Amino acid sequence: IRLLYPILILGSLPSQNSGPFVPVCQCTIVVPFLSRPALPALLLPSGGHLFSSNAICISCFVAFFVCLLGRKPNPLINQWLEWETTELQVTLVVGLEHVLRSLALSLAFAPPGEWRCVQAWFERLAGEEACQAAVLKVLPGKGLEVLKPFVQRQPAPASSQRRDPQSCNSTASEVAEDAVRVVSEEEMEAAALTWSRGLTACTEPPEKSHPILPQEGRRNLLLTSALPYVNNVPHLGNIIGCVLSADVFARYGRLRGWNVLYVCGTDEYGTATENKAREEGLTPQQICDKYHAVHAEIYSWFQVDFDFFGRTTTPKQTEIAQDIFWRLHERGFLLEDTVEQLRCEGCRRFLADRFVEGGCPHCSYPEARGDQCDKCGKLINAVELKNPLCKVCSKTPIIQSSKHLFLDLPKLESQLEQWLDKSTAAGDWTPNAKQITRSWLRDGLKPRCITRDLKWGTPVPHPDFKDKVFYVWFDAPIGYLSITANYTDQWEKWWKNPEQVELYNFMAKDNVPFHSVVFPSSLLGAQDNYTLVNHLVATEYLNYEDTKFSKSRGVGVFGDMAKDTGVPSDVWRFYLLYVRPEGQDSAFSWADMALKNNSELLNNLGNFINRAGMFVTKFFEGCVPAMELLAEDKTLLAQVGWELRQYISLMDKVKIRDGLKHILNISRHGNQYIQINEPWKKIKGGDQDRQRAGTVTGVSVNIACLLSVLLQPYIPTTSRTIREQLNAPAACVSTMLHAGGSFVCSLPAGHAIGTVSPLFQKLEADHIEALKKKFGGQQVHDGDKVRVLKGQKAEKAAITLEVNKLLDLKKQLALAEGKSAEPTAPQKGKKK
């Protein structure tokens, strides 16, 4: 009824296209900030979404009141709807599951006559003319069958969707941590049976052997993360957006038994490198050598486990890039044209796109780059910028003409769209990646320049363009191929093998168009059976506190600074993954980092694992005791098994942040289990109590072993420490994560554990406050503000405002010191 009622109402609107509301098809996840479908959904003209069927129906009726009758509805309706959605539905949802279970059981054993009555009611409703007309209008050509896959994909009834209004880092669709999930008898017995199987038939996961190559009969995953610019030290947002996210998934894939190759490297060509070399008095190659080592050291400290970390300034890069160029040229996918470019006379060079800023010609954002606007996401030709300025010397550049080569994207558009339809349908593309790509196609593709008037870059082999190099966004993605070629001379088994290889690209959202449109078009046009991206995983932006990262202003933590904070690498990894901007922008916060460390790592996860191990050591001489499962224990096994399956389901879809929440849920279940059963008291009782203490301790330490496996992709050092403390068998990894997930008894009775010690330390408030102050940047003094504004040639009114503020402050200071507040007359011959 909840599905059909909105369809009936929506179907009766005058026109779906001209009306004020748009029904949202729930067969795919289309609501940008949700990680799973919500039932039902209506897109409002404001861009918001309604999820309550009652709210949707009322909204439709409101449209009728306003449009047809000219009457406004009672404002109390909104209050009632809010109460119904936030209070009543949440309260009833758990109880309804019991009702539905009873109803399903009753129907299963009901006399045939009674069941036929229910079936006849549905058939009669479906036969109504109004219902059929509405279905044809809202679901043209598909009918009610279109609802079937959506219903199958709904979350469990006991899960409630909520949004934490206190934190911008909360996802809009999370399983409520305090929601009670009802476990059936069947689930309990199935969990106990799985538990009893143990590790008998399991083998240890194989060690990595290089070079890693695709294997017949295995799932072969090729992972790349966006190549970081060599001249920039990466900040926390860069790290979580690319390399750390890919590292987590690569580690997870290896645990799952997949054949994974993870490659990355530094992007080293372009004007940015030339300018950095000039600043430091080095050659471009020396700059690349210096900062490549800096990047490698940073990622090593963050425990990013590349299979190969390379660079783009190699002969292989030249060879492969020039081969793709000639294949495009021979097949007629390149154009020649004269281009107007911005040239800075102060720097005596043409300006690369990222070294010119100005007003966006589309949305007027004042800090748009010469290639793309970060606000509206649209492509820009640098000469279109309003009031452009050179980012190096702040002078206004002039326009000069130069002949260049273009990739004929319009000619490739049809091929690209066909491939995109297949890839986005079959693969795991994040919603923002799909939306950004669709917006490019919707606006129509235009020829894209692939050459630049620079010296430091891959040379264009065409004789008419021998003084030019390839533009970075044609050249840089080819770096994935050349880096792999520098790893193994059998690189084509990965990059020209789409039948056997799945390609995952990890990046921040600003890199999406170049990986979903420009680079695939180049490879499609080359017609050489290249492996194209199957899964494009893009994050939103991570901000720093309430502002942006800025190296020049000293705002934010950069990769080379993190190790000097005294905060362990695993804690950095945990927090960055906890606030990973999956569905919306998030923010790094020192206070929140301390809170998550102290509450989730220390008090939740660390507390449970340490207690479980200490009980074994203290009460049972370091050996896991015998376990006799009661109904309560089986319930816990079923709950943990469910969380494990949710973890695997989410991680398979690269929902890294959501997967972490289920790990923490497992340790929460464990803490509650220990707290309720109080083994430290029962161990002092009679035989029955001592047996109970043993069961609780044995089950708990096995949950700790499971957690060590699930944590490995996130906090690898801590994961290894837990397994060492528990003396856990290596085979537990492949067993726990096999297929859909199996929570088995991996530490049987009699298993001897190692020495147990605390895993985490508290982050003290004074330490955090000192770090926040250290990385908060230098505040600009009032006098400096005036000088900065004058240097930027700001409006006279803005300068006057700051001057007046400064004079007012001086007057207040003079009065406070008992001096005259009147300004002193300037001396002759001196400037004011």
Side-chain angles (χ1 to χ4, degrees), residues 177-178 180-183 185 187-199 602-644 662-711 722-723 725-729 732 736 742-759:
E177 292 169 357
D178 55 352
V180 179
R181 185 177 178 276
V182 180
V183 178
E185 289 281 348
E187 287 178 287
M188 291 164 57
E189 294 306 320
L193 179 62
T194 300
W195 162 271
S196 66
R197 290 173 182 158
L199 301 176
L602 183 62
N603 295 338
N604 177 18
L605 194 64
N607 180 55
F608 169 70
I609 295 172
N610 186 253
R611 291 172 88 188
M614 288 302 297
F615 290 157
V616 175
T617 300
K618 185 176 180 180
F619 302 143
F620 300 97
E621 299 179 344
C623 291
V624 177
M627 293 161 274
E628 295 181 6
L629 301 181
L630 304 179
E632 179 185 356
D633 309 309
K634 294 177 182 179
T635 298
L636 176 65
L637 298 183
Q639 288 173 328
V640 171
W642 183 84
E643 299 285 359
L644 170 60
H662 288 279
I663 297 176
L664 299 174
N665 283 347
I666 289 174
S667 61
R668 248 185 292 278
H669 286 308
N671 273 316
Q672 292 168 0
Y673 175 67
I674 288 176
Q675 207 61 30
I676 290 170
N677 284 281
E678 300 179 322
W680 63 92
K681 290 184 180 179
K682 287 186 168 57
I683 196 67
K684 300 174 184 177
D687 290 345
Q688 189 173 355
D689 279 350
R690 289 183 62 82
Q691 175 59 56
R692 186 66 193 142
T695 299
V696 172
T697 299
V699 170
S700 296
V701 80
N702 270 278
I703 293 175
C705 185
L706 169 65
L707 288 170
S708 75
V709 175
L710 304 186
L711 286 168
I722 297 169
R723 290 202 301 277
Q725 291 186 8
L726 300 180
N727 194 23
C732 67
M736 302 286 196
S742 302
F743 178 36
V744 301
C745 179
S746 55
L747 307 179
H751 173 86
I753 69 169
T755 303
V756 177
S757 60
L759 298 169

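Since we're looking at a predicted model, the values are computed, not measured.
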Mind listing the closest non-hydrogen atom pair of [X] and [Y] along with its distance?
| X | Y | result |
| --- | --- | --- |
| I674 | P679 | O-CD, 3.5 Å |
| S700 | V696 | OG-O, 2.7 Å |
| T697 | A612 | CG2-O, 4.1 Å |
| R723 | S708 | CG-OG, 3.2 Å |
| L747 | C705 | CD1-CB, 4.0 Å |
| I753 | V624 | CG2-CG2, 4.3 Å |

To the nearest 0.5 angstrom, please state how far the [atom1] atom of [X] sits from the [atom2] atom of [Y].
| X | Y | atom1 | atom2 | value |
| --- | --- | --- | --- | --- |
| M188 | L636 | CE | CG | 11.0 Å |
| H662 | S667 | NE2 | OG | 12.5 Å |
| R690 | K684 | CZ | NZ | 11.5 Å |
| M736 | L644 | CE | CG | 8.0 Å |
| I676 | N671 | CD1 | CG | 11.0 Å |
| Q675 | F608 | CD | CZ | 12.0 Å |

Do [X] and [Y] touch side chain to side chain, with heavy atoms closer than 4.5 Å?
| X | Y | value |
| --- | --- | --- |
| T194 | F743 | no |
| I683 | F615 | no |
| V699 | L629 | yes |
| P625 | T695 | no |
| L759 | N610 | no |

Audit row: R197, S742, side-chain contact (heavy atoms from CB on, under 4.5 Å) steps and yes/no: CA-CA 10 Å; R197 290 173 182 158; S742 302; 6.0 Å; no
W195 vs N702, side-chain contact (heavy atoms from CB on, under 4.5 Å): CA-CA, chis, key distance, verdict: CA-CA 10 Å; W195 162 271; N702 270 278; 3.6 Å; yes
Verdict with reasoning, I703 to H669, per side-chain contact (heavy atoms from CB on, under 4.5 Å): CA-CA 10 Å; I703 293 175; H669 286 308; over 6 Å; no
Pairs meeting criterion salt bridge (charged side-chain N to carboxylate O under 4.0 Å, His left out) with involvement of residues 629-643, two or more places apart: E189-K634, E632-R692, D633-R692
Pairs involving residues 606-629, ordered by first then second residue, that meet salt bridge (charged side-chain N to carboxylate O under 4.0 Å, His left out) (sequence neighbours left out): none
Salt bridge (charged side-chain N to carboxylate O under 4.0 Å, His left out) involving E678 - partner list, sequence neighbours excluded: K681
L711/L605 under side-chain contact (heavy atoms from CB on, under 4.5 Å): CA gap, chis, key distance, verdict: CA-CA 10 Å; L711 286 168; L605 194 64; 3.6 Å; yes
Exam field: side chain H751 to backbone N727, donor-acceptor pair closer than 3.5 Å: yes
